Amino acid sequence: MNKLHLLRGGILAAIALLASCTHGDGPVTDIHSFSDPTSVRTTHADIRWDLDFEKEVLRGSVTWTVARGANDQAQLVLDTKLLVIETVRVGTAGGMRTAAHTHTGGSEVFGIPLTVALEPGDDRVEIRYHTGEGGACVQWLNAGQTADRTHPFMFSQAQSINARAMIPCQDSPGVRFTFDAEVTAPGGIRPVMAAENLEERGANGAWRFRMPQPIPSYLLAIAAGAIEFQPMGPRTGVWAEPSVVAKAAWEFADTERMIEAAEKLYGPYQWGRYDIIILPPSFPFGGMENPRLTFATPTILAGDRSLTALVAHELAHSWSGNLVTNATWSDFWLNEGFTVYFERRIMEAVYGPARAEMEAVLGRDDLMTDMEELPEGDTVLHVDLKGRDPDDAFSNVPYEKGYLFLRLLDETYGRERFDPFLKAWFDGNAFRSRTTADFVAHLKKHLLDDEGAAIRLDEWLYRPGLPENAPQAESDAFERCEALAKQFLAGEMTADAIPGKEWITHQWLHFLRAFPDAAPVARLTELDQVWHLTSTGNSEILMQWGLAAIRSGYHAGMPAVESLLLKQGRRKFLKPLYQELARTAAGKARALELYRKARDSYHQIAVNTIDEILGWDQ
Ligand code: BES
Ligand code: ZN
């Protein structure tokens with residue numbers, strides 16, 4: 001057992017430190033936070049940040065407004081991780097004084113609780129602090145790691161439990177707060193937050209932001225760099241570096257149509273504007289649904305609008321996730337499964353059912369691949385995360401098994417019943433955090449007629465694997481791709497007879513996924529000569545091709561792998577490629593060589609995953 005595991009064990013024993021929040025039927029415990037929101041709850045944050053790009057430090061203060069429970073509990077416990085606490089003061093709007101506090105204990109994974117003593121009547125707590133070394137929330141990039149290479153860049157990624165490495169907070173999705181923020185940054189650097197951007201500037205030229213809707217801590221987000229804004233519609237636009245912004249605005253031109261489709265399905269968009277920021281390539285995710293401002297990887301800029309399901313997905317979170325939030329990380333499928341379902345409904349409305357079905361088939365394949373490798377417990381929708389960073393259990397299960405469950409409800413009860421049912425869930429629980437049990441209660445009350453026996457409710461939510469009644473998406477176009485793949489691999493047709501010019505990205509992906517573990521190198525060579533897959537600008541095809549190249553020992557395809565590993569840091573691409581390389585001794589040596597070069601440029605979230613895959617210990 002390594003040090004980390006011992007520490008994780010230690011945290012489990014410290015049951016007294018569990019967070020809980022008042023809820024439908026009583027308090028819900030969040031095992032991933034030290035805070036105790038039932039006694040003292042943070043409701044509003046006043047944030048002052050200065051971005052020090054030279055030292056790569058975020059420095060400033062937060063003043064929390066707190067609501068005290070009936071028992072007037074005399075302490076506020078906040079989560080922190082790798083933060084340096086400078087001063088702590090408490091009091092009221094009328095006056096503040098230095099506070100007694102402790103900042104010790106905790107663990108490497110969950111950080112250190114900051115406990116502040118309160119007197120009766122105190123409703124403000126101000127903490128001055130700065131970020132320390134490491135930490136999995138904020139990544140600082142030098143100019144060379146950006147698109148235009150002129151200025152440095154920084155961005156945060158708070159989900160799941162990283163907000164505490166940016167700000168002392170009750171870092172639990174069951175706690176919501178509004179905020180005001182003032183941010184200073186060096187000349188040439190434009191900070192943006194997932195919030196309302198106020199036009200007027202504050203003291204010292206500070207940029208001002210305001211979030212009037214209550215959000216959980218994992219949706220607090222900031223990015224800053226030499227970025228520009230380009231509007232797409234009255235309520236939509238993109239932020240990106242100058243060389244990227246026009247390309248991005250073109251790629252996402254359908255955003256307003258997506259919002260309209262979403263509103264028609266499940267009610268008005270509640271957050272005012274919907275903008276997208278394209279981050280530098282080290283962003284570890286495809287997208288992150290930060291409210292009013294989706295954070296996105298540049299790897300979805302394919303030049304043909306083929307990867308914009310990601311926008312539909314992050315937009316859908318404006319309902320499933322941001323409006324109705326998973327109360328704990330074990331309920332994560334309530335965020336992601338609902339969002340994938342909603343995403344595909346948006347895609348169906350905007351681009352037609354054929355494309356949405358292709359996406360569902362690809363999603364189910366991803367799910368089956370994961371299910372084969374995951375420990376049984378991690379294939380359960382309501383997942384047990386005791387003692388673990390929620391990020392360690394990340395997989396396609398909450399996404400695609402969750403999707404299939406909602407699709408089963410849709411197919412079983414019909415959309416005329418299911419759509420109003422889902423809309424009522426969003427309406428009735430807006431700006432609230434909800435558990436799996438809450439959803440079950442809603443289901444039993446408003447949709448099921450037999451306690452869920454027919455749909456096997458219990459099996460879907462609480463048992464491993466994929467229930468037999470899982471819906472099966474089907475695509476005729478995909479069946480043709482599969483047939484062609486077989487013929488091509490068998491040498492019954494040449495590469496130039498493949499109708500690739502008519503194919504959309506999804507068809508290429510399905511075609512390549514039909515390749516066996518060791519497809520003949522001669523076939524890959526011919527395919528590459530005709531279709532130039534090794535140099536494609538489409539990141540999804542590039543990854544699928546890179547995997548085929550590794551599996552088949554097609555060395556001429558290795559530049560595809562290298563470009564994905566060295567030039568971008570999206571974990572979804574890194575993980576399978578490193579895993580595939582690590583299957584052979586020679587591949588593993590190559591993987592380590594590439595990782596040694598690239599590791600410093602990846603975000604900590606990706607580093608954690610790849611360290612584990614490669615057994616990195618240096
Ligand atoms: N909220 C997630 C990203 C996330 C999940 C970050 C868990 C940290 C912890 C986001 O909405 C997401 O699911 N992104 C996907 C894209 C989507 C199209 C499936 C991604 O980044 O791949
Ligand atoms: Zn999502």
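Only a predicted model underlies this, so the values are computations on that prediction, with no experimental measurement involved. For reference, positions follow the sequence shown, starting with 1. Numbering of ligands and ligand atoms starts at 1, following listing order.
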Exercise. Quick one: is the NZ or CZ of R345 closer than 6.0 Å to the six-membered ring centre of F342, and within 45° of its axis?
Worked result: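 Geometry flag: not set, cation outside 6.0 Å or 45°.
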
Tell me the protein heavy atom at minimum distance from [atom], and give that distance in Å.
atom	answer
atom 2 (C) of ligand 1	E336 OE2, 3.3 Å
atom 5 (C) of ligand 1	Q159 OE1, 3.5 Å
atom 20 (C) of ligand 1	G286 N, 3.4 Å
atom 8 (C) of ligand 1	F285 CZ, 3.3 Å
atom 10 (C) of ligand 1	G287 O, 3.2 Å

Problem set entry | Check: E289 N/O within less than 3.5 Å of ligand 1 N/O |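 Among all N and O atoms of E289, at least one is under 3.5 Å from an N or O of ligand 1.
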
Exercise. Just distances here: any N/O of M288 and N/O of ligand 1 closer than 3.5 Å?
Worked result: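 N/O-N/O distance under 3.5 Å: no.
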
Atoms in ligand 1 with a heavy atom of [X] nearer than 4.0 Å:
X	answer
H317	11 (O)
Y399	2 (C), 5 (C), 12 (C), 13 (O), 19 (C)
F332	5 (C), 7 (C)
Q157	6 (C), 8 (C)
F394	5 (C), 7 (C)

Exercise. Any non-hydrogen atom of S160 lying under 4.0 Å from ligand 1?
Worked result: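 The answer is yes: ligand 1 sits under 4.0 Å from a heavy atom of S160.
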
Exercise. At the 4.0 Å heavy-atom cut-off, does R571 count as touching ligand 1?
Worked result: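 In this structure, R571 fails to qualify as a contact of ligand 1 - no heavy atom is under 4.0 Å.
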
Exercise. Where the Zn ion (ligand 2) is the corner point, what angle links NE2 of H317 with NE2 of H313, to 10°?
Worked result: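 Value, to the nearest 10 degrees: 100°.
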
Problem set entry | Shortest reach to atom 15 (C) of ligand 1 by a heavy atom, considering only K572, E314, E400 |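 Answer by nearest heavy atom: E314.
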
Between [X] and [Y]: side-chain donor-acceptor atoms closer than 3.5 Å:
X	Y	answer
N396	D370	yes
T536	N538	no
N608	Q604	yes
Y266	D419	yes
T436	D331	yes

Problem set entry | Parallel, tilted or perpendicular: ring planes of Y269 versus Y274, cut at 30 and 60 degrees |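 Perpendicular.
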
Problem set entry | Check against side-chain contact (heavy atoms from CB on, under 4.5 Å), F155 and H603 | CA-CA 10 Å; F155 65 85; H603 188 278; 3.7 Å; yes

Exercise. Hey, which of I227, N290, I222 is the one that makes side chain to side chain contact (heavy atoms under 4.5 Å, CB included) with V192?
Worked result: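 With V192 as partner, I227, N290, I222 yield a single side chain to side chain contact (heavy atoms under 4.5 Å, CB included), made by I227.
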
Problem set entry | side chain to side chain contact (heavy atoms under 4.5 Å, CB included) partner of F285, chosen from I605, T297, L310, L279 |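 By the side chain to side chain contact (heavy atoms under 4.5 Å, CB included) criterion, F285 pairs with just one of I605, T297, L310, L279: I605.
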
Problem set entry | Short N/O/S contact of E336 with the Zn ion (ligand 2) (below 2.8 Å) |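 Here the distance criterion (N, O or S atom, under 2.8 Å) is met by E336, so yes.
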
For this session: Given side-chain contact (heavy atoms from CB on, under 4.5 Å), test L542 with F573 step by step and report yes or no.
Result: CA-CA 9 Å; L542 198 62; F573 295 145; over 6 Å; no

